[in-house]
Amino acid sequence: MLLLAALALACVASPAMAAEVATVGGKAVILPWGDWLVALAVSLREPILTILLPIIAAYIIQAIRRVYPWAALFLSQRRVEMMLEAAVGFSLNAVNGAAKGKTLSVNVAVPVIAKGTQYVIDTAPPAVIKAAGGADGIAARIFRKLDLDDHASEAAVLVPAQEQVAAGTVDADELRRMDEMTRR
């Protein structure tokens, strides 16, 4: 780095870097050592770049390799959260008696969780479903996002919803039709 800084200084200040060495017959003999430094810097530019550029690139690649798993984890978790928000919104609109901001009873919360889980399974890529923990993980996350009444518990709401999804009683065609209607 110090060498590059010295070469840059030599390039900028080369006209000023001429030194008077001696006087011969009343005329000054000027040794243009600044021009020599500039010529040296120009001649060394290619070897320096061919040596330093790969080293710098290697450090950058190494830094990206260290950060990539964290970035991938963050992006996949963000995508899971986006899909869950879409699933909750869809399922609240798809089930009669459910509305955003409304406390849900047990008999309304079970179909909301089941339809939301099936919506994610039908529309999300497999990597997102896997990152969310499969169907059971998706149902549990939707369960945590809903505002449920005092009688709702994991045994009363989440387990029956997971059973409905596992049994396939949630109609995927109905969900697709509702999704198409909401997109229009």
Side-chain angles (χ1 to χ4, degrees), residues 1 4 46 48-184:
M1 223 37 171
L4 289 176
E46 289 298 322
I48 289 173
L49 286 179
T50 56
I51 293 170
L52 288 181
L53 202 57
I55 292 171
I56 292 170
Y59 279 119
I60 291 172
I61 290 170
Q62 186 178 15
I64 290 171
R65 279 188 173 164
R66 287 185 181 165
V67 173
Y68 175 75
W70 294 341
L73 176 66
F74 172 76
L75 292 175
S76 65
Q77 289 300 320
R78 179 68 186 132
R79 190 160 185 197
V80 167
E81 287 301 318
M82 288 172 44
M83 285 303 298
L84 289 173
E85 289 296 324
V88 168
F90 173 81
S91 60
L92 287 174
N93 290 330
V95 176
N96 288 332
K100 190 171 185 169
K102 182 180 175 185
T103 302
L104 302 177
S105 64
V106 173
N107 59 348
V108 174
V110 172
V112 167
I113 294 172
K115 286 191 182 215
T117 303
Q118 190 63 47
Y119 175 78
V120 172
I121 290 169
D122 290 343
T123 60
V128 175
I129 295 170
K130 183 179 177 184
D136 290 339
I138 293 167
R141 287 179 179 213
I142 292 174
F143 172 76
R144 287 191 301 267
K145 287 187 173 287
L146 295 176
D147 185 22
L148 304 172
D149 67 5
D150 295 335
H151 302 293
S153 67
E154 185 176 320
V157 176
L158 181 59
V159 174
Q162 289 173 334
E163 289 172 358
Q164 279 187 11
V165 172
T169 57
V170 180
D171 186 14
D173 291 330
E174 175 191 352
L175 292 172
R176 285 190 194 97
R177 284 193 304 273
M178 287 184 194
D179 187 38
E180 288 173 4
M181 289 181 1
T182 57
R183 291 184 184 187
R184 289 184 200 164

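Not measured: the values here are computed from a predicted model.
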Quiz item: Are there more than 12 heavy atoms of other residues, nucleotides or ligands under 6.0 Å from atom CD of Glu154?
Solution: no
Self-check item: Shortest non-hydrogen separation from Lys100 to Leu92 and the atoms involved
Solution: CA-CD1, 3.9 Å
Exercise. Please report the shortest heavy-atom distance between Ala155 and Pro160, naming the atom on each side.
Key: O-CD, 3.4 Å
Quiz prompt | Heavy-atom closest contact (Val106 atom, Ala156 atom, distance) | solution = CG1-O, 3.6 Å
Exercise. Could you list the residues that satisfy side chain to side chain contact (heavy atoms under 4.5 Å, CB included) with Ala86, not counting sequence neighbours?
Key: Tyr119
Quiz prompt | Nearest heavy atoms of Val110 and Gln164, plus distance in Å | solution = CG1-NE2, 3.7 Å
Quiz prompt | All side-chain hydrogen bond (donor to acceptor under 3.5 Å, both in side chains) counterparts of Glu81, not counting sequence neighbours | solution = Lys145
Quiz item: What distance do Leu158 atom CG and Glu163 atom CD have between them, rounded to the nearest 0.5 Å?
Solution: 10.0 Å
Self-check item: Pairs flagged by side chain to side chain donor-acceptor pair (under 3.5 Å) wherever residues 104-113 is involved - sequence neighbours left out
Solution: Ser105-Asn107
Got a list of side-chain donor-acceptor pairs under 3.5 Å for residues 127-143, not counting sequence neighbours?
none

Quiz prompt | Residues forming a side-chain hydrogen bond (donor to acceptor under 3.5 Å, both in side chains) with Lys102, sequence neighbours excluded | solution = none
Quiz item: With a 4.5 Å heavy-atom cut-off, do Leu146 and Val157 have their side chains touching?
Solution: no
For residues 49-58, please give each side-chain donor-acceptor pair under 3.5 Å, one per line with the distance, not counting sequence neighbours.
residue: Thr50; atom: OG1; partner: Glu46; partner atom: O; Å: 3.1
residue: Thr50; atom: OG1; partner: Pro47; partner atom: O; Å: 2.9

Self-check item: Minimum-distance pair of heavy atoms, taken over all atoms of Ala87 and Gly116
Solution: CB-O, 3.5 Å
Quiz item: Hey, what do you get for CD (Glu85) to CE (Met82), rounding to the nearest 0.5 Å?
Solution: 10.0 Å
Quiz prompt | Value rounded to 0.5 Å, distance of CG in Leu104 from CG in Leu148 | solution = 6.0 Å
